Amino acid sequence: MVAPNWIGDALMAQPLLMRLLDRKPGARIDLLAPPRVAAVLRRMPEVSKVIEADLRHGELQLGDRWRLGRMLRGREYTEAYVLPNTMKSALAPSLARIPLRVGYLGESRVGLLNRIHRTAQPREPMSLHYARLAEEPGTEPAMPLPAPCIRTGLTDVVARFGITGPYLVLCPGAEYGPAKRWPYFRELASRLRMQIVLLGAAGDPEDYREIPGLNLIGKTSLDDAIDLIAKSAAVVSNDSGLMHVAAAAGRPVVALFGSSSPEHTGPQTPGAKVFWLQLECSPCYKPECPLGHFRCMRELAVEPVLQAVHAALGTAP
Ligand code: SF4
């Protein structure tokens, strides 16, 4: 299977893996994935092996894909599921001559794929979008879909960072862009009377250093971040990969949506508390607000989020 390029998308693809194994118990599922998502895929019980391929976004890298195709041919796979929609993502399974190659039409991939699906609804739930690939084209998957679930507790990260006692994780970043970043994490943290751990990527904005708490932004591996989230009392996050990690690790999640939609990429856990103002301009799916006012996040006040955090923690405001 060719995995998606984003952590959140990779987790929303896990129900597809579960459905494929329901069909063929004991089948081996190997995933071809960029290094940035490999750690989360290795935590999925359905995955036999992760083959890391650093094929950079936007670059064709024809020679690398040809070598990859040859390597895959030697493994004698019988089926390939191509989750990204690009032409180049379907090249290696085709070059590997894998007999059945499944995916969405995407960039007109007739010839590269030989079982081609069409999207039923624009911006439908991503987990449904991926899970449909386990069915014959034109057939909808049985609902409800199983929820993503990953292995946790594989590192000693909590002790390594000297954390003792319960803590709340805040994930104030979103690699996609500022239109997904709630601007009030600092105020939220200053009003909470509990230990706070901040997680995120090295490229997150510098001013996150002003948020009170143990700032581990950019200082953890993805494996560490997964286990820190898994041991937390609850997680407050923008619509980001770490929000999906929290859901798959079974933690209470308070999720904050701006330019994207929880109907499309919402946390896959029934206990999540989702905030989304659903303005007339929303969802625009832009990384930066095209209207300049950023009301979808600016008007999402601290107080209701604070109440939701207390509800998730079972504490009094
Ligand atoms: S256009 Fe609307 S939904 Fe998009 S970023 Fe601006 S306020 Fe948010």
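This structure is a prediction, so every number in the text was calculated from the model and none was measured. Numbers here are sequence positions counted from 1. Counting convention: from 1, in listed order, for ligands and their atoms alike.
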Under 2.8 Å from atom 4 (Fe) of ligand 1, is there an N/O/S atom belonging to C284? yes
Please find out if atom 6 (Fe) of ligand 1 and some N, O or S atom of C281 are separated by less than 2.8 Å.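 No N, O or S atom of C281 is closer than 2.8 Å to atom 6 (Fe) of ligand 1, so no.
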Face-on cation placement of R109 at Y104 ring, 6.0 Å and 45° thresholds: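 Not satisfied by the 6.0 Å and 45° rule.
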Quick check on contacts: which atoms of ligand 1 are under 4.0 angstrom from a heavy atom of R295?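 It comes down to these atoms of ligand 1: 7 (S).
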Numbering as shown, the atoms of ligand 1 that approach S282 to under 4.0 Å (heavy-atom distance): 3 (S)
Could a heavy atom of P290 be found less than 4.0 Å from some atom of ligand 1? yes
Please state whether H293 comes within less than 4.0 angstrom of ligand 1, counting heavy atoms only. yes
Side chains of Y208 and E206: donor-acceptor distance under 3.5 Å anywhere?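 There is no such pair between these side chains.
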Would you check if the side chain of R43 reaches a backbone N or O of I150 as a donor-acceptor pair within less than 3.5 Å? no
Between the main-chain N or O of T164 and the side-chain N or O of Q195, is there a donor-acceptor pair closer than 3.5 Å? yes
Of all the non-hydrogen atoms in the protein, which one sits nearest to atom 8 (Fe) of ligand 1, and at what distance?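 The closest heavy atom on the protein side is C296 SG, 2.3 Å.
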Protein heavy atom at shortest distance from atom 6 (Fe) of ligand 1: C289 SG, 2.4 Å
Specify side chain, backbone, both or neither for M297, according to which of its non-hydrogen atoms lie closer than 4.0 Å to ligand 1.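 Neither; nothing of M297 gets under 4.0 Å from ligand 1.
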Partner of V169 under side chain to side chain contact (heavy atoms under 4.5 Å, CB included), chosen from V245, L214, V235, V236: V235
Could you point out which residue of M243, E175, M297 forms a side chain to side chain contact (heavy atoms under 4.5 Å, CB included) with N238?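 It is M297; the other options fail the test.
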Where is the tightest heavy-atom contact between A33 and L41, given as atom of each residue plus distance?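 Heavy atoms only, the tightest pair is CB-CD1, 3.3 Å.
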